[in-house]
Amino acid sequence: PSGHTQSGITVFGCLALRFKALAFRIFCVICAVMIGVSRMYLGVHTPADVLTSFAIGVAVIFITEWLYNICVRYDVATLVFGGVISILMVAFAMVGFSAMAQNINYDDPKYAKWGANAEQRKQNMLNNQFLKEAVDNKNYKAAAGYLKILLEQSPAAAQGIYTNGIKLYKNQINRAENDEQRAMFIDSLLYVYDVRLQAFADHSKYGKAYILDRKAREYLTYKSDDREGVRKIFNEAIAATEEKTGKPDLELVAIYFSNLCEDFQTDSIAADVVIAEYDRLTPEFANVTEETAQFKDLKYYLEGVEQENW
C-alpha cells in the first residue's frame, strides 16, 4: 500500500475531526484525496494500493479517536497509559492491514508490464518507489541503478519512471564536475527520452508529440552547439505535433525558425534552406493577430527577413 496516502488520510482526517470549521474540513478532505491521486498519477501505486491505504488510514482515525475519547474521561495517569495503549493499537492495526494488503497476485496479467515473472514484477514495483525516494533524497548513484533496471526490465510500466529519470539526470548535469561528466549525463538524459518514446509513443496525452517536444527543448538547452542536431530534433517535434493535431505547434515553430535564422547569420546553412523553411512555415502564422504577443515579434521578424534578404 501507499505510505504517503495512508499518512495523509490519517493526518488530515485527525485534523478534520479536531477542527469544526466546514471550510477547513473540506480543505483536509481535498488534500487527503489529492495525495492518493498523485501516487497513481506518478505511477508508483495502483488504485488498489491507494484504496487499501485509505481504508487503513480511516481505520486508524476511528480507533485513535475512540481510544482518545475514553482516555479523556479519566485522570492524567490513565490518560498517559491510554495514550501508550493507543499508539500500540494503531501500530498493530497498521501492520495488520499492511500485511493483508501485501497479498498481491503478481501473476495477474495486469502486472505484466512490470516484468517477465511474478518475482521480477514485485521487485520492479519496489524499484520504482525506491527510484523516486532516491531522487528526492539526492542519492543519485542509487537512483541511477534503479533507473537502469527499470528501463531494461519494465520500460512501459509507468510514466513516473521517466519523470524521475529526467529529474535525476538534470540534477546531475547541474552538479557535473567537468565537461566530460556533463556530456555523459546529457547523453543519459536524451537516452531516457528515447526509451520513453519507444514505450509511450501511442499515449493519448504524453505520447510522441509531447515527448519529442520536451526532448527538443532539452536538446537546445544542453546541446545548443550541435546546430544540425537542434534543427533535426525540432523538425521531428513539429512534425509530431502536426501529426497529432493536424497543425504544428506555433511555439515550437517560433523556436525552430529563430534558431534557423541564427544559423543563417553565422553561415551555418545556405540561404536557400532558410527560404524553403520560410515558405513552408510562414503560412502557419497567417492568423496570428496583433494581440497574440507570443508570436507577434516572430511574425514581424519573418516578414523583415523576407524584405531584407530576398
Side-chain angles (χ1 to χ4, degrees), residues 41 155-156 158-163 165-167 169-170 173 186-310:
Y41 174 78
Q159 292 273 6
I161 294 172
Y162 300 95
T163 302
I166 290 166
K167 184 177 178 181
Y169 286 121
K170 289 178 76 169
I173 290 169
I186 291 172
D187 288 341
S188 296
L189 172 65
L190 297 175
Y191 172 73
V192 170
Y193 277 107
D194 290 339
V195 179
R196 185 177 189 177
L197 182 60
Q198 293 176 7
F200 288 100
D202 296 329
H203 193 277
S204 58
K205 186 174 181 181
Y206 300 110
K208 182 178 179 181
Y210 173 83
I211 296 167
L212 287 177
D213 179 300
R214 302 313 307 168
K215 182 183 176 183
R217 295 169 192 268
E218 304 283 22
Y219 203 101
L220 179 61
T221 298
Y222 297 116
K223 300 194 75 170
S224 58
D225 290 341
D226 180 11
R227 304 309 299 167
E228 184 177 352
V230 169
R231 294 193 297 272
K232 181 176 181 292
I233 185 61
F234 268 92
N235 254 318
E236 292 175 356
I238 290 169
T241 57
E242 192 167 13
E243 178 185 332
K244 179 182 178 182
T245 64
K247 58 183 180 180
D249 182 279
L250 290 184
E251 186 176 351
L252 281 176
V253 172
I255 298 171
Y256 168 67
F257 198 85
S258 236
N259 279 274
L260 200 66
C261 291
E262 287 179 19
D263 291 342
F264 171 67
Q265 291 169 354
T266 58
D267 296 324
S268 299
I269 56 174
D272 58 343
V273 175
V274 185
I275 293 171
E277 290 298 86
Y278 175 83
D279 291 338
R280 180 171 72 92
L281 298 172
T282 47
E284 304 300 335
F285 290 86
N287 297 321
V288 175
T289 63
E290 295 288 332
E291 291 75 20
T292 313
Q294 186 176 9
F295 304 110
K296 182 175 65 176
D297 291 341
L298 180 71
K299 182 184 179 186
Y300 290 158
Y301 181 70
L302 292 174
E303 293 170 348
V305 168
E306 182 182 41
Q307 292 170 5
E308 291 176 12
N309 297 287
W310 307 294

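Just so you know, residue 1 is the first one in the sequence shown, and it goes up from there. Here the structure is a predicted model, which is why all the values come from computation and not from measurement.
- To the nearest 0.5 Å, atoms OH (Y206) and CG (D213) are separated by 12.5 Å.
- Ion pair K208/E243 flagged as a salt bridge, since at least one NZ, NE, NH1 or NH2 atom sits closer than 4.0 Å to an Asp/Glu carboxylate oxygen.
- Residues Y210 and R196 are in side-chain contact: their nearest non-hydrogen atoms beyond the backbone lie under 4.5 Å apart.
- Checked for salt-bridge contact, R280 and E277 meet the test: a charged N lies under 4.0 Å from a carboxylate O.
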Run the numbers on I186 and Y169 for side-chain contact (heavy atoms from CB on, under 4.5 Å), then give the verdict. CA-CA 7 Å; I186 291 172; Y169 286 121; over 6 Å; no

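- A heavy-atom distance below 4.5 Å is found between the side chains of K223 and D187.
- Of the possible polar contacts, one joining the K244 side chain to the S204 backbone as a donor-acceptor pair under 3.5 Å is found.
- Between I238 and Y256, the shortest heavy-atom distance links the atoms CD1-CB, 3.8 Å.
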Run the side-chain contact (heavy atoms from CB on, under 4.5 Å) test on F200 and Y162 for me, step by step, so that the C-alpha distance in whole Å, both residues' side-chain angles and the decisive distance to 0.1 Å come before the verdict. CA-CA 10 Å; F200 288 100; Y162 300 95; 3.5 Å; yes

Kindly determine whether Y193 and I166 satisfy side-chain contact (heavy atoms from CB on, under 4.5 Å), including the steps that lead there. CA-CA 8 Å; Y193 277 107; I166 290 166; 3.5 Å; yes

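- Residue pairs meeting the ring-ring contact (aromatic ring centres under 6.0 Å, His included) criterion with at least one member in residues 217-238, sequence neighbours excluded, do not occur.
- Judged purely by atom type and a 3.5 angstrom limit, T266 uses its side chain to pair as donor or acceptor with the backbone of D263.
- Heavy atoms only, all atoms of each residue included: L212 and A237 are closest at O-CB, 3.6 Å.
- Side-chain contact between H203 and Q159: present, with at least one pair of heavy atoms (C-beta onward) separated by less than 4.5 Å.
- The minimum heavy-atom distance between P248 and T241, with the atom names listed, is CA-OG1, 3.7 Å.
- Note that CD1 of I211 is 10.0 Å distant from CD of Q198, once rounded to the nearest 0.5 Å.
- In this structure, CG in D226 is found 11.0 Å from CG in L220, a value given to the nearest 0.5 Å.
- Note that CZ of R227 is 9.0 Å distant from CD1 of I269, once rounded to the nearest 0.5 Å.
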Given side-chain contact (heavy atoms from CB on, under 4.5 Å), test R231 with N259 step by step and report yes or no. CA-CA 8 Å; R231 294 193 297 272; N259 279 274; 5.9 Å; no

